[in-house]
Engineer: 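Have a look at this one.
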Number of protein chains: 4
Amino acid sequence: MAKEIVFRAEKRHAGTELKDMIFKAAQKLFVEKGYHSTSIPDIVKEAGVSTGAIYHHYSSKEELAREIHKTAVQQFLANFNEQVRTQKSTYAKIRAYTSLMFRWTEQDPVMVQYLLYGRPKEILVRNLTVCSEEGLQATREMVEQGMEAGEIKTMNPCLASAIISGTLMRMIELRLDGLIEHPLEEFIEAAANNIWLALKA
Amino acid sequence: MAKEIVFRAEKRHAGTELKDMIFKAAQKLFVEKGYHSTSIPDIVKEAGVSTGAIYHHYSSKEELAREIHKTAVQQFLANFNEQVRTQKSTYAKIRAYTSLMFRWTEQDPVMVQYLLYGRPKEILVRNLTVCSEEGLQATREMVEQGMEAGEIKTMNPCLASAIISGTLMRMIELRLDGLIEHPLEEFIEAAANNIWLALKA
Amino acid sequence: MAKEIVFRAEKRHAGTELKDMIFKAAQKLFVEKGYHSTSIPDIVKEAGVSTGAIYHHYSSKEELAREIHKTAVQQFLANFNEQVRTQKSTYAKIRAYTSLMFRWTEQDPVMVQYLLYGRPKEILVRNLTVCSEEGLQATREMVEQGMEAGEIKTMNPCLASAIISGTLMRMIELRLDGLIEHPLEEFIEAAANNIWLALKA
Amino acid sequence: MAKEIVFRAEKRHAGTELKDMIFKAAQKLFVEKGYHSTSIPDIVKEAGVSTGAIYHHYSSKEELAREIHKTAVQQFLANFNEQVRTQKSTYAKIRAYTSLMFRWTEQDPVMVQYLLYGRPKEILVRNLTVCSEEGLQATREMVEQGMEAGEIKTMNPCLASAIISGTLMRMIELRLDGLIEHPLEEFIEAAANNIWLALKA
DNA sequence: CATGAATGAGTCTTCATTCAT
DNA sequence: CATGAATGAAGACTCATTCAT
């Protein structure tokens with residue numbers, strides 16, 4: 001329980017410090033104020049770089065947003081593969097998934113917020129959060145394997161996925177909004193167990 | 001089961017047809033393209049009214065968005081009070097809640113979408129969807145009464161609420177995104193039952 | 001000295017109270033905030049009438065301004081003819097002119113302000129205040145008669161007029177701006193006498 | 001008398017040519033058409049720059065107007081200090097003041113017009129022309145020193161100031177309005193002398 | 001006569017993006 | 001690589017004016 005869990009956050013393009021400063025400043029502002037309310041001048045100020053520098057590293061504001069999104073997704077998937085997929089039983093997977101998301105939220109709320117709210121509705125063509133798209137795939141796969149193995153009862157996979165990801169996302173949302181005051185780590189056990197009650201064969 | 005359920009959508013200020021046309025056009029566009037990507041000229045075109053008419057009825061684009069939001073919330077609460085609160089047992093309430101939201105989604109997806117995604121993050125100060133704020137209150141109350149009555153097991157109320165509203169919201173989201181192809185009505189029974197498994201004493 | 005001096009301010013179009021309310025509200029606002037910063041809605045609020053009423057009585061905002069201007073000029077000329085022109089000696093005329101303007105300022109600052117600042121530069125084609133145009137004529141005539149009579153020394157009539165009207169206007173301006181705290185009546189004697197020193201033969 | 005008098009008009013921020021072009025175009029238009037009747041597109045056309053350029057150099061139309069005003073005041077004060085304050089006798093000062101204003105009017109009527117009419121009534125909070133505020137201070141000081149030195153008779157200083165500045169302003173006004181057809185330089189001698197008659201001890 | 005909802009041209013301003021230095 | 005002045009299309013909003021009731 002005391003072993004350190006490291007959340008993957010690979011360095012982007014080593015050597016380009018400026019690019020990283022821009023990335024972080026933009027990520028912070030996009031989450032804080034939203035994509036449209038964040039102007040290039042805002043990022044310029046926050047990152048302490050010049051306008052030109054931004055366009056040197058990203059072809060447009062949109063690409064910058066997409067890049068941040070992509071990074072969030074990649075981190076999510078890497079973490080999921082490493083910590084969730086590797087589990088044997090479905091229950092263990094659900095517990096690991098819960099643990100992953102709750103811990104990550106406490107550790108890097110900005111990134112998780114981007115994953116949840118960064119719904120690039122007005123940016124990207126498709127209208128899905130990470131948790132709807134890549135996260136959905138991952139959750140669905142987990143559910144279907146669980147059913148095949150007879151660990152999860154026969155039910156509509158979408159419903160099963162919705163119970164898992166819906167509950168987790170909602171808890172995170174409540175925590176980020178300040179409506180839950182305790183660290184989410186305290187709820188890992190209970191959340192996973194109750195979700196399991198709804199699904200188990 | 002066959003009795004017609006009418007969703008409350010009271011007419012605003014009879015006689016002000018234009019106001020209503022503006023309201024509906026804006027609501028549609030805000031959901032479709034998002035608040036910031038919807039310009040006043042867009043609304044003008046969609047509603048077939050003049051720029052001035054919009055500002056005659058709403059003091060600003062923001063107030064227009066707020067008004068739409070408020071209406072959505074009011075309808076939600078009215079429906080909730082009428083259809084859910086009146087139920088006796090907690091299970092019946094959860095079932096009624098599920099039924100309400102799933103049917104409503106099929107009947108007026110635009111309004112429900114506004115309730116879910118209309119998260120006026122960049123508009124209002126607080127960052128909560130209806131389902132986080134008013135909806136949260138409603139769900140929480142339901143949960144706490146259920147616990148007092150011994151129908152729901154003792155657990156963190158936030159978690160219990162998250163299981164209920166998270167699952168419902170996620171199902172609706174998947175449906176609105178086209179990832180669930182069947183009408184949500186088909187899932188009322190199953191969703192309510194499985195949520196109940198996670199909560200019952 | 002105690003006899004009541006009445007400043008002419010004939011009623012406009014007896015019977016149309018509304019027109020008068022509009023006139024007064026507009027006059028007040030034009031002086032307070034300037035022509036361009038006063039909107040029709042502003043006048044509607046101040047006068048407590050409807051938009052339509054304004055356009056019923058005046059064909060446009062500009063005409064309203066012109067009407068106010070015209071009225072101010074007419075009052076000025078009527079007062080001038082009655083109180084100044086009737087004087088015998090040039091000194092008496094200057095004294096009467098000074099008295100007229102200073103007393104009027106104390107009695108109806110709004111009207112006088114309109115006369116001075118109401119420079120309808122952006123409204124009318126010509127760029128002259130009352131005091132430049134009609135007032136100029138009046139002053140000039142006074143000056144030229146004084147010269148012919150040998151009371152005023154031979155000098156450029158424009159310069160003579162400028163000394164008279166310039167001094168008076170400046171005093172009024174300082175008073176209206178609050179830089180002179182005593183009523184202008186106290187300065188009638190001194191102002192007239194000193195102006196006279198600059199002009200007398 | 002034939003020595004060239006140079007009116008101070010220091011260059012602003014060398015290297016920012018555009019800023020200067022904007023400044024001059026706006027100054028011209030504000031004088032010609034008034035602040036409110038001059039639109040940003042008007043300035044864009046007149047200056048031959050882009051909209052953005054204006055906002056790159058000035059934060060708003062209002063700030064632009066204020067900047068022009070400030071510059072006019074600064075030039076006025078610099079000229080006043082250099083040419084008027086340095087004179088020994090009060091008569092010499094009045095003569096120098098007259099000379100300064102009349103010559104300046106002929107040389108840079110736009111700037112002087114801004115000083116006189118640029119009354120930023122609807123822009124600034126206070127309602128005073130340069131000649132009412134900074135100019136007033138300057139004139140008043142001159143008058144009070146003259147009285148202390150026994151050169152000007154004892155009288156209300158406001159009245160004395162009004163005689164001086166009122167006469168000058170009025171002459172300039174008449175000249176700018178085309179009612180005086182000769183260059184004001186021809187009137188320096190006479191104006192100063194007659195003003196002096198009204199004030200001398 | 002009076003009303004005030006409706007109009008739409010025009011206003012100031014912002015901001016993503018480019019490019020000469 | 002980096003800068004930031006310059007661009008201009010597009011945005012939200014205002015307001016004088018009209019007209020059906």
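In what follows, chains carry the letters A, B, and so on, assigned in the order in which the sequence lines appear, proteins first and then strands, with residues in each chain numbered from 1.
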Engineer: Once salt bridge (charged side-chain N to carboxylate O under 4.0 Å, His left out) is applied, what residue pairs with a partner in residues 44-55 of chain D remain, sequence neighbours excluded?
Structural biologist: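 Those involving residues 44-55 of chain D are D:Lys28-D:Glu46.
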Engineer: If you apply the rule side chain to side chain contact (heavy atoms under 4.5 Å, CB included), what do you find for D:Gln27 with D:Thr71, and how did you get there?
Structural biologist: CA-CA 11 Å; D:Gln27 188 189 36; D:Thr71 303; over 6 Å; no
Engineer: Over all strands shown, is D:Thr38 touching base, sugar-phosphate only, or nothing at heavy-atom distances under 4.0 angstrom?
Structural biologist: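 Since only primed, P, OP1 and OP2 atoms lie under 4.0 Å of D:Thr38, the category is sugar-phosphate.
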Engineer: E:dT3 P sits how many Å from C:Met21 CE, rounded?
Structural biologist: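 Rounding to the nearest Å, CE of C:Met21 and P of E:dT3 are 10 Å apart.
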Engineer: On DNA chain E, compare the nucleotides closest to A:Lys61 and D:Ser59; which residue's is nearer the 5' end?
Structural biologist: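 Taking each residue's closest nucleotide, the earlier one in sequence belongs to D:Ser59.
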Engineer: Just the rounded figure in Å: distance from P of E:dT11 to CD1 of D:Ile43.
Structural biologist: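 It is 11 Å, rounded to the nearest whole Å.
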Engineer: Just name whichever nucleotide pairs with F:dC19, Watson-Crick or G-U, keeping both distances under 3.5 Å, else none.
Structural biologist: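 Matched F:dC19 with E:dG4 under the 3.5 Å cut-off.
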Engineer: Taking any strand in view, what nucleotide pairs with E:dT13 in a Watson-Crick or G-U wobble way, both distances under 3.5 Å?
Structural biologist: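 Checking every strand shown, E:dT13 finds its partner in F:dA10, with both distances under 3.5 Å.
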Engineer: Among F:dA12, E:dC12, F:dT7, which nucleotide sits nearest the side chain of D:Pro41?
Structural biologist: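 Taking heavy atoms from C-beta onward, the closest nucleotide is E:dC12.
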Engineer: With a 4.0 Å cutoff (strictly under), does any side-chain N or O of A:His56 reach OP1 or OP2 of F:dC1?
Structural biologist: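 Answer is no, no contact under 4.0 Å.
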Engineer: Would you mind classifying the nucleic acid contact of D:Ile40 as base, sugar-phosphate or nothing, using non-hydrogen atoms under 4.0 angstrom?
Structural biologist: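 The residue D:Ile40 makes base contact.
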Engineer: Taking CD from B:Glu62 and P from F:dG11, how many angstroms apart are they, rounded to a whole number?
Structural biologist: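 Taking CD of B:Glu62 and P of F:dG11, I get 18 Å after rounding.
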Engineer: Could you check whether A:Thr51 gets within reach of a base, just the sugar-phosphate, or nothing at all, counting any heavy atom under 4.0 Å?
Structural biologist: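 Contact class for A:Thr51: base.
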Engineer: Round to the nearest Å and state the distance from B:Leu18 atom CG to F:dT21 atom C1'.
Structural biologist: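 In whole Å, F:dT21 C1' lies 16 Å from B:Leu18 CG.
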Engineer: So, taking the atom named CG in C:Leu18 and the one named CZ in C:Phe23, what distance separates them when rounded to the nearest 0.5 Å?
Structural biologist: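 Reported to 0.5 Å precision, the distance equals 14.5 Å.
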Engineer: In whole Å, what is the span from the NE2 atom of C:His36 to the P atom of E:dG10?
Structural biologist: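 Going from NE2 in C:His36 over to P in E:dG10 covers 15 Å.
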Engineer: Could you state the NZ-P distance from B:Lys19 to E:dG4, rounded to the nearest angstrom?
Structural biologist: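 For the pair B:Lys19 NZ and E:dG4 P, the rounded distance is 16 Å.
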Engineer: Could you pull out the closest heavy-atom pair between B:Val110 and B:Val31, with the gap in Å?
Structural biologist: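 It is O-CG2, 3.7 Å.
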Engineer: Which sits closer to the 5' end of DNA chain F, C:Gly52 or D:Ile54, going by the nucleotide each is nearest to?
Structural biologist: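 Nearest-nucleotide comparison on DNA chain F picks D:Ile54.
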Engineer: Return no unless some side-chain N or O of B:Tyr55 is found under 4.0 Å from OP1 or OP2 of F:dT14.
Structural biologist: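 False: B:Tyr55 side-chain N/O out of range (4.0 Å or more) of F:dT14 OP1/OP2.
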Engineer: For C:Lys45 and F:dA16, give me the distance from atom NZ to atom P, rounded to whole Å.
Structural biologist: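 In whole Å, F:dA16 P and C:Lys45 NZ are 11 Å from each other.
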Engineer: Specify the residue among B:Ala53 and C:Gly48 whose closest nucleotide of DNA chain E lies further upstream toward the 5′ end.
Structural biologist: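 Result: C:Gly48.
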Engineer: Has D:His57 got a side-chain N or O lying under 4.0 Å from the OP1 or OP2 atom of F:dA6?
Structural biologist: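 Result: yes.
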Engineer: In whole angstrom, what separates A:Asp42's CG from E:dT14's C1'?
Structural biologist: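 Rounded to whole Å, this separation is 11 Å.
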Engineer: Set out, in order, the CA-CA distance, both residues' side-chain angles and the distance that settles side chain to side chain contact (heavy atoms under 4.5 Å, CB included) for C:Tyr35 and D:His36, then state yes or no.
Structural biologist: CA-CA 9 Å; C:Tyr35 174 78; D:His36 282 100; over 6 Å; no
